[in-house]
2 protein chains.
Amino acid sequence: MFNITFVFTQLMFSSVYKRLVTMLPVQMCISNASAASRLTLQSFRFYCQKTPMKLRICEAVSRLDVGSKITVQGWVRSVRLQKQNLFLHVNDGSCLQSLQVVASAALNQRLLTFGSAVAVSGCLVKSPSRGQEVELQATQIDVVGECNTVDFPFKIKERHDLEYIRQFPHLRCRTNTFSSLLRIRSQATTAIHSYFEEKGFIQVHTPVVTSNDCEGAGELFQVELAGQEKKSGQEEDQHFFSVPAYLTVSGQLHLECIAGAFPGVYSFGPTFRAENSQSRRHLAEFYMVEAEISFTQTLESIMKVMEDLFRSTTEHLLARCPDDVALFHKHVKPRHNINVDLMMKKRFNVITYTEAIDILNSSSQTFAFKPDWGFDLQTEHEKYLVKHCGNVPLFVTDYPYTLKPFYARDNLDLPLHTVSAVDLLVPGVGELCGGTLREERLELLKKRLELTGLDETYGWYLDLRQFGSVPHGGFGMGFERYLQCVLGVDNIKDVIPFPRYSRSCLL
Amino acid sequence: MFNITFVFTQLMFSSVYKRLVTMLPVQMCISNASAASRLTLQSFRFYCQKTPMKLRICEAVSRLDVGSKITVQGWVRSVRLQKQNLFLHVNDGSCLQSLQVVASAALNQRLLTFGSAVAVSGCLVKSPSRGQEVELQATQIDVVGECNTVDFPFKIKERHDLEYIRQFPHLRCRTNTFSSLLRIRSQATTAIHSYFEEKGFIQVHTPVVTSNDCEGAGELFQVELAGQEKKSGQEEDQHFFSVPAYLTVSGQLHLECIAGAFPGVYSFGPTFRAENSQSRRHLAEFYMVEAEISFTQTLESIMKVMEDLFRSTTEHLLARCPDDVALFHKHVKPRHNINVDLMMKKRFNVITYTEAIDILNSSSQTFAFKPDWGFDLQTEHEKYLVKHCGNVPLFVTDYPYTLKPFYARDNLDLPLHTVSAVDLLVPGVGELCGGTLREERLELLKKRLELTGLDETYGWYLDLRQFGSVPHGGFGMGFERYLQCVLGVDNIKDVIPFPRYSRSCLL
């Protein structure tokens, strides 16, 4: 009883009371019957509950609890004191939107500043002003944690650019942009898992530490016991694992093991490249989605999974985090939503590598690297091709045999000699996915490994082909590049919580 | 037309025909009206389709397509030739169950052996024999990939033990037991993500490579560019990242950064300990679920998340992979289902560390390590406590201040002096989870870090407490230990696809 009396006493003498009285009839007028009955229940709860309901801000702004006594907890994004009233915006990360809090100026306190953590109790009402549908008429404001605004790197009402906030990896989640990024990243992860789960794929945790270096390509990180001096004696005594061990550059070969007993498998985890580059598209530690499909004989079936994955993940994001995505399409890359709409509306294009070279050679554009059959496509070539083909994602298939790793399936099309490989190029980013049919024919694979002297190293991989080998294929998609593509983020360091790259490993 | 004629010609002269004719009436008698109308549709499809439907075996055994012409693809788990008939069991990993294939002995081929990969087409019918509800009356069997049965390490009809199959990490997924494990692991992963998603947690990809060593505890792996000789000159030139970098032992501190802007965050990824042990409970690379909850002031709220996570994941597994789980409860640890039922039925127990020491000291059992207040609980103590408290999971709370890391929240209960820490001990495994309330009070945290000389190293961590600090807490759960606990698997190496431990890093 004390609690209710206390609240009313506070209400009677506060400006909040007047606002509340003004608000209630609006709420009562709601024509929807179920909303009305809900209101009755809410009002009942409002009078009976001993302590206010704790709500997340995404729940509070959903308007379901208008009329209730609630408590929210979060961080102050803005604070404005007028003669009679105090206005706050409180955000708790559950959504982009902050909750407007209105209180008597008497509730103002010295520590109630931008960046401070607060718990606010009061009555949730329809807002009379534009800009928000509900607001919290506060009867109590507790500063839970103060904020040293002098040292805090972010300032009230300022939109700091991505490069600036990148300097503060432990704090940048407190900005609107990075908080949106983290919600999007989490939802994209959920979408990817859902896609594969629905298609009956098994998720496999492929190892981070590995004794094989997959493609023999790319600079590797080595892993050893810390603080260990180089020992004399046997080679195997030198290493924690008895053999040199590396951080994985791809889970593909491990996935292929498991694909030998399942219709489809995938992994989604960290992958590593020790590239000494400061590029906007490369990280030393990045996330890769990799899938392997058994009993498939065409590159088209692999391309279908790539395209479906891209579409279903993007649809999920647009449906589940529209406000967060819109922030990027408004403030980070204005009007990027038009590009995304285009990608979603049109089918992805398909050309062969040979056609790609022809297109490049008949172009009037001068390239720094002259396009030539048998050589890798450069970023400038990829960008030209994507634009030439309508600025939607573009599959390039059937690459020269010599350009792809040993496991790519030979098309046996001499004298051209290509393999069943496909790259997916996307606007603004370039290569997003790479895939191949895998060489399932023991004799062909053996010969190729023998030629490169790798047949002993990959004896276990050859095993997969002599015990019930099936035609199969798969691909990998760079998760950060996907986010760059959909959000229009220029620098890959801005789409991962803690970026690692040459000369930088903060925290 | 050719196709249908061909099928019928084959049918007329095969024993399959007789079996099919026998089966059809059984199917027609189904009383369920919708099933009957479906049958009509199926029959129609059977006559009209040009190529048979491709079905996964989990779909085929679901009986929805009885009467249809189908194709399945998979691996032969058993093969038996009788005078007139050939019997196969084909498994494709989509479920534990194999599909029984019955064909004319004329379809037998030399390469049709245990372990070979096949594509089988025919008519799906109700099975007349016990042991399965449907079977495939085959009209065509193609061996897609032969199996060298001499060198293949697994033999027909043999149940190889876990230790034996562990020697073949690239092939063990082809055994029933490990194939079940992989399905369970995948479903458990899904369940964990669903749990947190439903509760509104954001998933965060905490980094694998880190420049801080979290608790200062545990042996670390260091990461450097491979093939790099030690350079002379500046310390920062020695390292790819300019600073020494390690594989993470916990994502907690990174999660705490993000928890400074969200109500709840979690991570689920690989974690590393360079422990030189051959224990049944330790791996060098293992998976950890970690969660951090903002605005919480009680250890009970953390314990509730731990218990709910355990229960909801286990319920999901029992509902979604009952056959796979039953295999473990039958062949790996017989009657372990009784233990799991007990854990699910009873509430988890809670005792304080101080009570735990009292229980141990009043026990008549002799311990190798005498239990004493202020010292860590040993495995023998943990096992005793769990048994003493009814063989269900047991929370032990409020450990001595000196036993827990710097971030544990001081209970300020001198002279006892404990911290708000909790471990969850489970039957058979011991410690499954560890959690604490985190010290959110800047001054207390600063003092503790200064005492250990870590205040400069953890300057960024102190930052979190001066810019809107909130009471918060969290925990970590070892994913492999969870699987050991629920499945009754003795050795942790048998619940992860590619185990890494001291002296071993296969593939």
Side-chain angles (χ1 to χ4, degrees), chain A residues 56 73 75 92-94 115-117 144-145 147-148 152 170 173-174 179 182 186 189-190 193 197 202-205 207-209 211-212 220-226 240-243 245-246 254 257-258 261-263 270 274 285 287 295 460 463 466-470 497-498 500 503 505 507, chain B residues 56 73 75 92-94 115-117 144-145 147-148 152 170 173-174 179 182 186 189-190 193 197 202-205 207-209 211-212 220-226 240-243 245-246 254 257-258 261-263 270 274 285 287 295 460 463 466-470 497-498 500 503 505 507:
Chain A
R56 295 193 171 174
Q73 300 167 308
W75 293 268
D92 70 354
S94 64
S116 62
V144 178
C147 180
N148 175 340
F152 195 47
H170 58 311
C173 58
R174 304 186 188 202
S179 151
L182 289 170
S186 180
T189 304
T190 302
H193 286 303
E197 161 91 4
I202 298 287
Q203 187 186 357
V204 179
H205 292 127
V208 165
V209 178
S211 54
N212 72 264
L220 292 171
F221 287 112
Q222 191 159 352
V223 176
E224 283 301 340
L225 192 61
F240 180 89
F241 295 108
S242 293
V243 291
Y246 309 97
H254 296 97
C257 294
I258 313 292
F262 290 93
E285 174 176 341
Y287 274 71
F295 294 103
W460 63 269
D463 270 2
Q466 64 167 325
F467 304 126
S469 180
V470 301
F498 300 92
R500 273 81 180 87
R503 321 232 69 81
C505 182
L507 314 197
Chain B
R56 294 193 172 174
Q73 300 167 308
W75 292 268
D92 71 354
S94 63
S116 61
V144 177
C147 179
N148 175 341
F152 194 48
H170 59 311
C173 58
R174 303 185 188 203
S179 153
L182 289 169
S186 180
T189 304
T190 302
H193 286 304
E197 162 90 6
I202 298 287
Q203 188 187 355
V204 179
H205 292 128
V208 165
V209 177
S211 54
N212 73 262
L220 291 171
F221 287 112
Q222 191 159 354
V223 176
E224 282 301 341
L225 193 59
F240 179 90
F241 296 107
S242 294
V243 291
Y246 309 97
H254 296 97
C257 295
I258 313 291
F262 290 92
E285 174 177 342
Y287 274 70
F295 293 102
W460 62 270
D463 270 3
Q466 66 168 324
F467 304 127
S469 180
V470 301
F498 300 93
R500 274 80 180 88
R503 318 234 71 80
C505 182
L507 313 197

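If you're wondering where the values come from, they're calculated on a predicted model, not measured in any experiment. Residue numbers begin at 1 in each chain, while the letters A, B, ... track the order of the sequences.
With a threshold of 4.5 angstrom between heavy atoms, A/R56 approaches chain B through side-chain atoms but not through N, CA, C or O. A/V144 touches chain B through backbone and side chain together, each having a heavy atom under 4.5 Å away. Interface remark: A/E285 contributes side-chain atoms only to the contact with chain B (heavy atom separation under 4.5 Å). For A/W75, the part lying near chain B is the side chain, with the backbone staying farther off; criterion is any non-hydrogen pair under 4.5 Å. Residue A/H193 touches chain B through its side chain alone, counting heavy-atom pairs closer than 4.5 Å. Using a 4.5 Å cut-off between heavy atoms, A/P263 contacts chain B through both its backbone and its side chain.
The nearest pair of heavy atoms linking A/A226 to B/Y246 is CB-CE2, 3.9 Å. Of all the heavy atoms in A/C505 and B/S211, the pair that sits closest is O-OG, 2.7 Å. Here the closest non-hydrogen pair linking B/T190 and A/E197 is OG1-OE1, 3.3 Å. Closest non-hydrogen pair, A/V209 versus B/R500, comes out as O-NE, 2.7 Å. Between A/S242 and B/R503, the shortest heavy-atom distance links the atoms OG-NE, 3.0 Å. Residues A/C173 and B/C257 come closest through the heavy atom pair SG-O, 3.4 Å.
Counting heavy-atom pairs closer than 4.5 Å to chain A, the top-ranked of the candidates B/G93, B/P270, B/G468, B/P497 is B/G468. For the set B/A117, B/S179, B/G115, B/P207, the entry with the most heavy-atom pairs within less than 4.5 Å of chain A is B/P207. Counting heavy-atom pairs closer than 4.5 Å to chain A, the top residue among B/V223, B/T189, B/V470, B/V208 is B/V208.
Note that CD1 of A/I258 and NE2 of B/H170 are 11.0 Å apart. Values are rounded to the nearest 0.5 Å. The distance from atom NE2 of B/H205 to atom OH of A/Y287, rounded to the nearest 0.5 Å, is 5.0 Å.
Under the rule for a ring pair (Phe, Tyr, Trp, His ring centres under 6.0 Å), the partners of B/F221 that lie at least two apart in sequence or sit in another chain are A/F240, A/F241.
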